[in-house]
Structures are given as structure tokens and as C-alpha cells.
Amino acid sequence: MKTPPEDHDLIRWLDGEMNAAERERFTSRLDADPALKAEADLMQRLSTDLRANLPAEMPVPFGDFFNSQIQVRIAQEELSENAGSTKQASWLDWFRLPGFATISTVVAAVIVAGVMILQQPPTAASVVLSTYAPSQGVQVSSYHSTDAHATVLMLTGLEDVPADRKIVGYHIERSETDQAVAATTLYGERGEVVLVVAKDARNQPRLLAAANSRG
Amino acid sequence: MPASTAPDPGEVPDSDLVKRCQAGDTRAFDVLVNRYRGRIYAMTYHMIQNETEAWDLAQEAFIKAWRALPRFKLDSSFYTWLYRIAHNVTYDYLRKKKIQGDGEFDDSRTEHKVAAGAEAVPRGDDSPDTQMKNAELGDRIREAIAQLSPDHRQVIVLREVEGMQYEEIAATIPCSLGTVMSRLFYARKKLQELLKDTYENAT
């Protein structure tokens with residue numbers, strides 16, 4: 001059904017979509033046509049009541065839960081996407097998370113380093129798949145030393161570390177991610193559990209367990 | 001880092017937060033969710049008239065936005081872009097459910113289960129009697145809107161709640177300007193008809 005142009009005029013006037021000349025002409029029509037004036041008044045009243053009773057912003061019930069559910073959904077989707085990639089790479093995603101620095105003091109030294117290393121069996125060389133430094137001023141690079149049978153991390157841009165500061169490193173041989181509980185277990189060279197980490201409801205890393213570190 | 005040097009999340013521009021989101025920062029996205037969840041939820045609630053479904057749809061809109069963020073080029077405001085996603089999510093849902101406002105009440109949709117603390121009526125300093133009348137009018141208006149077709153409900157929400165100009169409505173739906181005007185006209189006529197008793201009793 002095609003709307004007559006005069007009806008368009010009425011709502012264009014009501015919604016302030018007319019230019020000055022059009023508005024003047026329509027006002028003259030309103031003055032001369034009581035029926036049109038009554039219709040316009042009723043529509044104007046309706047519009048005012050709609051605006052008063054349909055707030056543009058409403059408090060979201062259980063707002064915190066609303067947010068955390070979104071974070072959980074995002075984390076679950078990322079986990080699903082990562083399931084297709086290499087198993088060893090999955091746990092490294094933790095180090096891309098912006099909240100990693102809050103895990104705990106147990107891994108504080110690792111946070112300072114900003115990286116962890118994954119040795120990919122069966123090759124002898126370590127492979128750094130990903131690095132993350134909480135500070136953008138810190139550049140991370142690495143190389144494998146066959147003599148030391150170790151991967152060396154180079155951190156450029158760090159402030160001086162006091163000589164008596166203990167730096168803790170973990171030798172990670174492999175990792176396993178349990179999708180059901182969204183937890184990743186990191187194993188050392190003797191197959192011992194070194195760390196177990198998970199994401200909390202807000203998608204932040206949470207340390208579930210840690211073995212004694214090697215100082 | 002001292003707390004005083006960290007910017008208040010409320011002061012960080014959307015564009016900065018969007019860029020951080022595009023780099024995978026879910027905390028930045030959380031700030032955006034906090035910033036706009038009330039407006040997005042209001043839109044889905046007005047369109048759906050059911051708190052639980054509106055809550056789910058608002059959340060779905062944010063999830064879709066997160067997925068689409070890598071392709072967002074900041075060629076419009078984040079809210080405009082987000083609103084269109086939320087609008088499409090809600091409208092698709094309405095169409096799938098084939099909710100039609102053919103003049104029959106659907107009790108399941110007009111029975112408002114508003115959570116404690118939720119504000120469905122604006123606050124004011126009116127007397128209790130006036131507040132009660134306003135609340136009744138609000139209920140009647142929401143009942144009437146629930147009886148509109150999705151197309152008519154959509155233009156009413158875009159125009160009266162969001163205050164969009166016709167061209168913005170046409171771009172959001174999308175449709176022609178003529179269609180926007182026709183739908184607005186008939187939606188208002190329908191509401192007038194549905195609220196006739198309310199207005200007659202009030203005068």
C-alpha cells in the first residue's frame with residue numbers, strides 16, 4: 001500500500017525532517033485544517049510518550065555476569081580455533097594474553113623474561129613459537145645454543161636487574177590442553193608437571209598449580 | 001606501574017580500544033562492552049519485549065562484533081557499527097520467530113519479567129500518583145509495541161528510542177526513504193489505535 005504524500009508530510013513535520021520553507025507551508029495547512037491539526041497533535045503526543053517510556057539505555061540485569069559470559073564465549077571460540085593448530089603451540093597463547101602479568105609470584109621471573117620456550121620432540125633444538133613482553137619497550141629475541149643445550153633469550157630494553165635477583169626458568173618438554181576443563185598442563189624434561197594454568201571467567205590466566213622452581 | 005598513570009578506561013577513546021581489540025586484547029573489549037551494553041540491551045529489549053531473550057541477543061551481538069572486529073576499518077563510529085550488528089541480530093531473530101503484530105496479544109511477550117533493579121521507566125521527581133500513571137502508560141505502550149510487526153517495531157525503536165534521522169534509518173534497515181516514512185506512518189497509526197482507550201480515558 002502506497003502512503004499518500006500528505007501522510008509523509010505529517011510525519012516529516014513531526015520528526016523535524018522538513019526544511020524551513022516546507023515547515024512554514026505545513027504549519028499554514030495545520031492552521032487551516034482542524035482535522036489535520038488534531039491528527040498532528042495526537043501523533044506528537046504519542047511520540048513524546050514513546051520517548052519518555054522507551055529509555056535509550058537500560059541497566060543490564062546481572063551486568064558482571066553478562067560481561068564474563070562474553071569473555072568465556074570468546075575464550076571458548078579461540079580454544080576451538082586453536083584446536084586445529086599444533087598441540088605444542090596451544091599453551092603459548094597464554095603469553096599473548098594481556099593479563100598474564102598477574103598470574104602469581106611463582107612465575108614472576110618468567111613474566112620478566114616474558115617468554116617461555118617449548119622444546120619440540122623429537123628434534124634436539126628448541127623452537128620458540130611465540131613471545132610476549134608485558135612492556136612494549138622490551139624486545140624479545142632468542143637463539144638455540146647447541147653447546148649449552150639450551151635456548152638463550154635476549155631481552156632488550158629491560159631495566160637493570162639487581163644482581164641478587166633470582167631469575168627462574170622452566171624447561172618445558174611438552175604440554176597438554178584439556179578442552180573439557182580449559183586447563184593446560186606443562187611438563188618438564190622428566191615428564192613431571194611444572195605448571196597447570198587455566199583461564200578464569202574473565203579470560204585471564206589463572207595458575208592452578210606449580211612445582212618447585214629451579215632457581 | 002603506579003595506578004595514577006593508568007588512564008581511566010572511561011576516558012580511552014573507542015578507536016583506541018578498537019585497535020587494542022584488533023590486536024587480541026579482550027580486556028579492551030570488556031571496556032567497550034561496559035560502555036555500550038546498556039544501550040544495546042535497551043534496543044534488544046524494546047524490540048523483543050522479553051528480558052531473557054533480549055539479554056541473550058545483546059550478548060550475541062557483542063560476540064558477533066568481536067568476531068567481526070578484525071574487519072572493522074573505523075570508517076564509522078564503533079557504536080554505529082555495533083548498533084547495526086545488534087539490530088541485525090535482533091531483527092533476524094524476530095523474523096525467524098515470525099512474530100507478527102496482527103492485533104492479537106501474545107501473553108508470553110507482553111508479560112514483562114523485569115529484574116529487580118532494572119529501570120523500565122525513567123526516574124523522575126513526580127508525585128506517587130503521577131509515577132503510577134506513568135508506569136501504567138509505560139506498560140500500555142510496551143504492550144502496544146509488542147503487537148506491532150517486526151518492521152513497524154523496528155522503525156519506531158530506531159526513530160523514537162535512538163533518535164535516528166530518516167537517512168540513518170534507511171541505511172540501518174536497509175530500505176528506501178519512502179519505505180521508512182510509510183512504515184513510520186503506519187506504525188504510529190497502529191499505536192494510536194492500540195492506545196486509543198488509554199488516551200481517551202486520560203482526557
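Every heavy atom of this structure was used, including side-chain atoms; hydrogens, water molecules and symmetry mates were not. Just so we're on the same page: letters track the sequence lines, and every chain starts at 1.
With a 4.5 Å cut-off on side-chain heavy atoms, B:Y41 and A:P61 count as touching. Counting heavy atoms from C-beta outward, B:F185 and A:M43 have side chains that approach closer than 4.5 Å.
Counting heavy-atom pairs closer than 4.5 Å to chain B, the top-ranked of the candidates A:L42, A:V60, A:D15 is A:D15. Contact count against chain A (heavy-atom pairs under 4.5 Å) is highest for B:A42 among B:A58, B:A42, B:G163, B:A23.
The line from CZ of A:R45 to CG of B:L195 is 10.0 Å long, rounded to the nearest 0.5 Å. To the nearest 0.5 angstrom, B:L137 atom CG is 9.0 Å from A:L50 atom CG. For the atom pair CE (B:M43) and CG (A:L54), the distance works out to 13.5 Å, reported to the nearest 0.5 Å. Atoms CG and CG, from B:L191 and A:L46 in turn, are 5.5 Å apart once rounded to the nearest 0.5 Å. Expressed to the nearest 0.5 Å, how far CE of B:M181 lies from NE2 of A:H8 amounts to 5.0 Å. In this structure, the separation between SG on B:C21 and CD1 on A:I74 is 8.0 Å, given to the nearest 0.5 Å.
The shortest heavy-atom contact between A:N67 and B:R37 is OD1-NH1, 2.7 Å.
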Please determine whether side-chain contact (heavy atoms from CB on, under 4.5 Å) holds for the pair A:M58 and B:Y45, giving the CA-CA distance in whole Å, both sets of side-chain angles, and the decisive distance to 0.1 Å. CA-CA 9 Å; A:M58 292 170 67; B:Y45 180 78; 3.6 Å; yes
In sequence, state the C-alpha distance, the side-chain angles, and the governing distance for B:F29 and A:I70, and then conclude on side-chain contact (heavy atoms from CB on, under 4.5 Å). CA-CA 10 Å; B:F29 191 62; A:I70 289 172; 3.9 Å; yes
Apply side-chain contact (heavy atoms from CB on, under 4.5 Å) to residues A:R73 and B:E60 and explain how you reach the verdict. CA-CA 10 Å; A:R73 288 270 305 274; B:E60 192 61 34; 3.2 Å; yes
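Between the side chains of B:R142 and A:N53, no donor-acceptor pair is found at a separation under 3.5 Å.
Proximity of a side-chain donor or acceptor of A:Q71 to a complementary backbone N or O of B:T26 within less than 3.5 Å is detected. A donor-acceptor contact shorter than 3.5 Å links the side chain of B:Q59 to the backbone of A:F66. A donor-acceptor pair under 3.5 Å links the side-chain atoms of B:H46 to the main chain of A:P55, judged by distance alone.
A salt bridge does not link B:R188 with A:E39: none of the charged nitrogens is closer than 4.0 Å to a carboxylate oxygen. Here B:R140 does not pair with A:D49 in a salt bridge; the nearest charged N to carboxylate O distance is not below 4.0 Å. Using a 4.0 Å cut-off between charged side-chain N and carboxylate O, B:E160 and A:R51 make a salt bridge.
Contacts between B:A54 and chain A at a heavy-atom distance below 4.5 Å are absent for every atom of the residue. The contact between B:I156 and chain A is made entirely by side chain atoms (from C-beta outward), counting heavy-atom distances below 4.5 Å. With a 4.5 Å cut-off on non-hydrogen atoms, B:R67 touches chain A through its side chain but not through its backbone.
With a 6.0 Å radius and a threshold of 12 heavy atoms from other residues, nucleotides or ligands, B:E167 has its CD atom at or below the threshold.
The aromatic rings of B:W55 and A:F65 sit parallel, their planes meeting at an angle under 30°, below the 60° perpendicular limit.
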